[in-house]
2 protein chains.
Amino acid sequence: MRTLGDTHDTALLRRLNTRAILLALRQSGPQTLTQLARAAGLSRQTAEAALSDLTERGLAREVAPTEGRAGRPARRFTFRAEAGHVLGLDVGPRRILAMLADLNGDVIEERRLDADEHTPAAERLVLAERAATACVEAAGSARGGLWAAAAGTSGVVDRSGRVSVSTIVPGWTGLDLAGQVGRWFGCPGFAANDANLAAVAEHWRGSARHVDDLVYVLAGYRSGHGLLLDGRLRTGRTGSAGELGGLPLSGWEDSSVVLAEAGRDAAEIFEAAREGDEQALAVVDRLAHGIARGASALVLVVDPELVVVGGGFSRGGESLLARIRAHLAEMCLNPPEVTLSTFGEESIALGAVRMALDHVERERLGL
Amino acid sequence: MRTLGDTHDTALLRRLNTRAILLALRQSGPQTLTQLARAAGLSRQTAEAALSDLTERGLAREVAPTEGRAGRPARRFTFRAEAGHVLGLDVGPRRILAMLADLNGDVIEERRLDADEHTPAAERLVLAERAATACVEAAGSARGGLWAAAAGTSGVVDRSGRVSVSTIVPGWTGLDLAGQVGRWFGCPGFAANDANLAAVAEHWRGSARHVDDLVYVLAGYRSGHGLLLDGRLRTGRTGSAGELGGLPLSGWEDSSVVLAEAGRDAAEIFEAAREGDEQALAVVDRLAHGIARGASALVLVVDPELVVVGGGFSRGGESLLARIRAHLAEMCLNPPEVTLSTFGEESIALGAVRMALDHVERERLGL
DNA sequence: CTCAATTATGAGAAGACGCGACGTAAAGCT
DNA sequence: AGCTTTACGTCGCGTCTTCTCATAATTGAG
């Protein structure tokens with residue numbers, strides 16, 4: 001039955017200590033046995049045992065000792081990030097981006113393919129697979145060598161990684177994206193909503209590095225909200241957390257309407273605004289207002305530490321941000337910080353990488 | 001430094017196993033050594049060691065063996081719930097409720113005092129202390145014998161347990177409620193928003209027992225929203241999660257306005273509605289609409305498994321609930337279940353009990 | 001080139017814990 | 001009284017961790 005926790009024999013200690021060493025190992029480059037032991041809070045002997053275990057499993061490697069220092073040279077070990085690879089995919093309405101990363105999450109290969117809004121589902125999937133395969137092959141990794149893969153896409157993606165609602169991408173509704181991606185490479189596959197993955201990426205290495213509660217606003221041709229609480233993605237029961245579709249917010253304008261009225265596309269508007277064009281500034285303000293309106297619902301509900309603005313409009317830069325801040329301050333008693341996305345359009349694929357890594361770390365590294 | 005986890009010596013095993021035994025012990029009444037060992041997944045010897053440890057700490061007690069069975073009588077142990085007590089307080093605008101509970105969370109004493117909206121802060125605190133002290137003394141427990149105490153109140157309560165905004169209770173803003181409560185009994189003190197604590201109570205033993213993501217709607221003279229995600233209370237950065245004050249929701253009527261227009265109080269309305277009074281039914285529908293409007297924001301943002309409706313209006317019963325469900329279904333694509341609160345007006349104090357117990361379990365029982 | 005100083009390694013002993021096994025104790029049943 | 005049943009309690013073993021100390025490998029000074 002085992003409902004009250006796992007077995008607690010001495011093997012658990014070994015696992016825990018190996019885990020501590022692995023974490024210490026990944027903190028930085030090659031380290032000596034003593035350094036690792038101290039970092040993990042263990043004795044040198046225990047550290048040694050853990051390292052020999054990790055080395056056997058291919059996760060650690062001994063490297064040449066440093067020269068030029070007095071005393072017996074210390075054995076040095078490093079994390080074998082190349083022991084496995086994960087794939088992150090962004091299958092967007094207009095763009096497909098594949099990233100191959102090692103176990104450190106460092107991106108090794110990257111492929112980008114263009115699509116358009118009308119590309120049918122089957123063809124879009126072929127493009128995605130092509131981009132992904134190109135990455136894997138370029139890295140010289142065997143096709144079956146992937147440890148996990150994840151994909152982000154527009155629309156509501158449920159817990160199992162199936163697209164349950166998609167209004168933008170034709171033929172997407174009902175697609176088992178996670179299963180598809182997993183089948184391509186014979187590895188565990190995952191899928192999530194694009195804004196959610198972008199939030200994950202920003203929290204991992206981007207603007208939201210230092211916070212654990214954040215709202216990500218994807219604003220642009222693709223739009224949506226991502227929610228990260230306690231450092232964990234929150235997609236909700238059906239995966240539609242943050243999808244405000246039905247919320248009757250007064251004065252909530254869709255950006256496409258605003259842009260259509262203005263008769264110019266976003267890039268032109270931002271460019272003109274930068275040059276002081278009054279009409280463009282007004283449009284930027286209306287866009288900011290709409291973004292803030294949507295964000296305010298999330299902010300008031302979860303009271304996050306940070307709002308990260310990403311997506312195409314984030315090219316609007318600080319001027320757009322300033323307007324969003326101003327509008328948000330009007331709507332919230334105690335508004336959170338608002339900042340720009342670090343990774344821009346790469347954040348979705350990067351978040352997918354992180355999602356795949358999460359699985360690998362949990363299941364294969366035992367972290 | 002110790003950032004990578006605690007020491008992992010064999011003492012950890014002991015702690016973990018003792019914890020497993022403690023959990024098993026609390027699952028039900030007196031159990032034999034063998035039963036406990038099996039439930040915790042440990043050997044009998046280990047279970048025995050853990051139990052002797054727990055007995056020494058006063059958390060377990062050996063009881064008389066069962067008679068009438070063949071074989072050597074088995075030693076039986078039980079959790080000593082009376083080893084400590086916690087206090088839960090609801091300091092509301094119109095009512096003060098104190099509950100004293102043992103370590104099982106079973107309420108032993110309960111005191112209720114009436115106040116009104118105009119009672120000044122100092123006097124309200126005196127009433128609260130009086131109710132609490134009465135509970136403690138009635139239980140024959142020493143005044144210093146409390147292990148933890150928590151209080152719920154209207155308004156925004158920050159992480160530290162300080163009331164940062166209170167519109168209902170006069171003089172409440174700025175009050176360090178957690179500190180106050182702790183000082184009364186010389187024990188750790190906590191405080192939180194009432195709707196949040198109600199959510200905690202419903203999740204603990206009420207309607208939300210079986211789910212981990214829920215939205216609680218406090219509807220009545222006191223109103224507000226409580227948010228529980230992954231079984232944990234979410235109060236946000238400043239404690240104002242779920243406070244929708246500034247959200248420009250179209251068609252969001254305040255219940256007090258609706259009732260004022262109707263010219264009857266809530267109890268009358270619900271009574272009349274039960275008898276089929278058409279005008280009353282219309283008012284109930286308007287109330288339900290308002291409740292659903294507010295709830296919809298939380299539901300769309302976090303996509304919970306369940307919405308629990310509590311507070312004074314929950315006396316409106318199934319008929320109100322049905323209207324709320326109907327309105328919510330219009331606003332959400334995939335509406336969650338909606339159910340009535342189990343504990344009604346007691347849920348806030350009960351949630352406070354749970355909050356105090358959380359601290360005790362974490363810090364004193366090591367769970 | 002040699003020797004001291006430095007730094008890390010590796011083996012051995014001791015302590016703590018958990019588990020399986022076996023003999024023993026205490027009850028009911030015949 | 002003896003048998004059966006059930007659980008207790010002790011013993012020994014293996015694992016894990018840490019401490020200690022002798023040993024090994026390097027640098028740098030004379």
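Every chain is numbered from 1, with letters handed out A, B, ... down the list of sequences. Every heavy atom of this structure was used, including side-chain atoms; hydrogens, water molecules and symmetry mates were not.
- Between the CG atom of Leu33(B) and the C1' atom of dT6(D) there is a distance of 13 Å, rounded to whole Å.
- Checked against salt bridge (Lys or Arg N to Asp or Glu O under 4.0 Å), Arg205(B) has the following partners two or more places apart in sequence or in another chain: Asp106(B).
- Taking both residues in full, the closest heavy atoms of Gly145(A) and Trp147(A) are given as O-CD1, 3.4 Å, listed atom of the first, atom of the second, then distance.
- Distances shorter than 4.0 Å separate none of the side-chain N or O atoms of Arg75(B) from OP1 or OP2 on dT6(D).
- Scanning for salt bridge (Lys or Arg N to Asp or Glu O under 4.0 Å) contacts around Glu62(B) gives Arg75(B), with sequence neighbours left out.
- Between Asn17(B) and dG18(C), a side-chain N or O to OP1/OP2 separation shorter than 4.0 Å is present.
- Contacts between residues 46-65 of chain B and DNA chain D, counted as heavy-atom distances below 4.0 Å, involve Glu48(B).
- Comparing the start and finish of the helix from dC1(C)-dG30(D) to dT30(C)-dA1(D), five pairs each, the helix axis swings through 20°, to the nearest 10 degrees.
- Within the model, atoms CZ of Arg44(A) and CG of Leu51(A) stand 12.0 Å from one another, a figure rounded to the nearest 0.5 Å.
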Pairwise N/O distances under 3.5 Å, protein to nucleotides 23-25 of chain C:
from    : atom 1 : to       : atom 2 : distance (Å)
dA25(C) : O4'    : Arg72(B) : NH1    : 3.3

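- Distance CG (Leu13(A)) to P (dG18(C)): 9 Å, rounded to an integer number of Å.
- Rounding to whole angstrom units, CG of residue Leu36(B) and P of dC8(D) are separated by 10 Å.
- Arg14(A) pairs by the salt bridge (Lys or Arg N to Asp or Glu O under 4.0 Å) definition with nothing, not counting sequence neighbours.
- Of the candidates dA27(C), dC19(C), dT26(D), the closest approach to any side-chain atom of Pro73(B) belongs to dA27(C).
- Note: CG (Leu42(A)) to P (dC19(D)) measures 11 Å, nearest angstrom.
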Please tabulate the protein-to-nucleotide N/O contacts below 3.5 Å involving nucleotides 11-16 of chain C, giving atom names and distances.
from    : atom 1 : to       : atom 2 : distance (Å)
dA11(C) : N6     : Gln45(A) : NE2    : 3.3

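- Judged as a side-chain hydrogen bond (donor to acceptor under 3.5 Å, both in side chains), and not counting sequence neighbours, Thr78(B) has no contacts.
- A salt bridge is defined here as a Lys NZ or Arg NE, NH1 or NH2 lying under 4.0 Å from an Asp or Glu carboxylate O, and Arg19(A) with Glu361(A) fails to meet this definition.
- The distance from atom CZ of Arg14(B) to atom P of dT17(D) is 17 Å, rounded to the nearest whole Å.
- The CD-C1' distance, from Gln35(A) to dA8(C), rounds to 12 Å in whole Å.
- Interatomic distance, Arg232(B) CZ to Asp213(B) CG, rounded to the nearest 0.5 Å: 12.0 Å.
- Applying the ring-ring contact (aromatic ring centres under 6.0 Å, His included) test to Phe190(A) and every residue at least two apart in sequence or in another chain returns His359(A).
- Phosphate contact (OP1/OP2 of dC8(D), side-chain N/O of Thr34(B), threshold under 4.0 Å): present.
- Straight-line distance from the CZ atom of Arg38(A) to the C1' atom of dT7(C): 12 Å, rounded to whole Å.
- Rounding to the nearest 0.5 Å gives a distance of 13.5 Å between CG of Leu59(A) and CD1 of Ile21(A).
- With sequence neighbours left out, the salt bridge (Lys or Arg N to Asp or Glu O under 4.0 Å) criterion links Glu346(A) to no other residue.
- The side chain to side chain contact (heavy atoms under 4.5 Å, CB included) search around Glu109(B) returns Leu100(B), Arg111(B), Cys135(B), Ala138(B), Ala139(B), not counting sequence neighbours.
- Applying the side-chain hydrogen bond (donor to acceptor under 3.5 Å, both in side chains) criterion to Asp53(A), with sequence neighbours excluded, gives no partner residue.
- Close to dA7(D), at under 4.0 Å from its OP1 or OP2, lies no side-chain N or O of Arg76(B).
- Rounding to the nearest 0.5 Å gives a distance of 5.0 Å between OG1 of Thr235(A) and CZ of Arg159(A).
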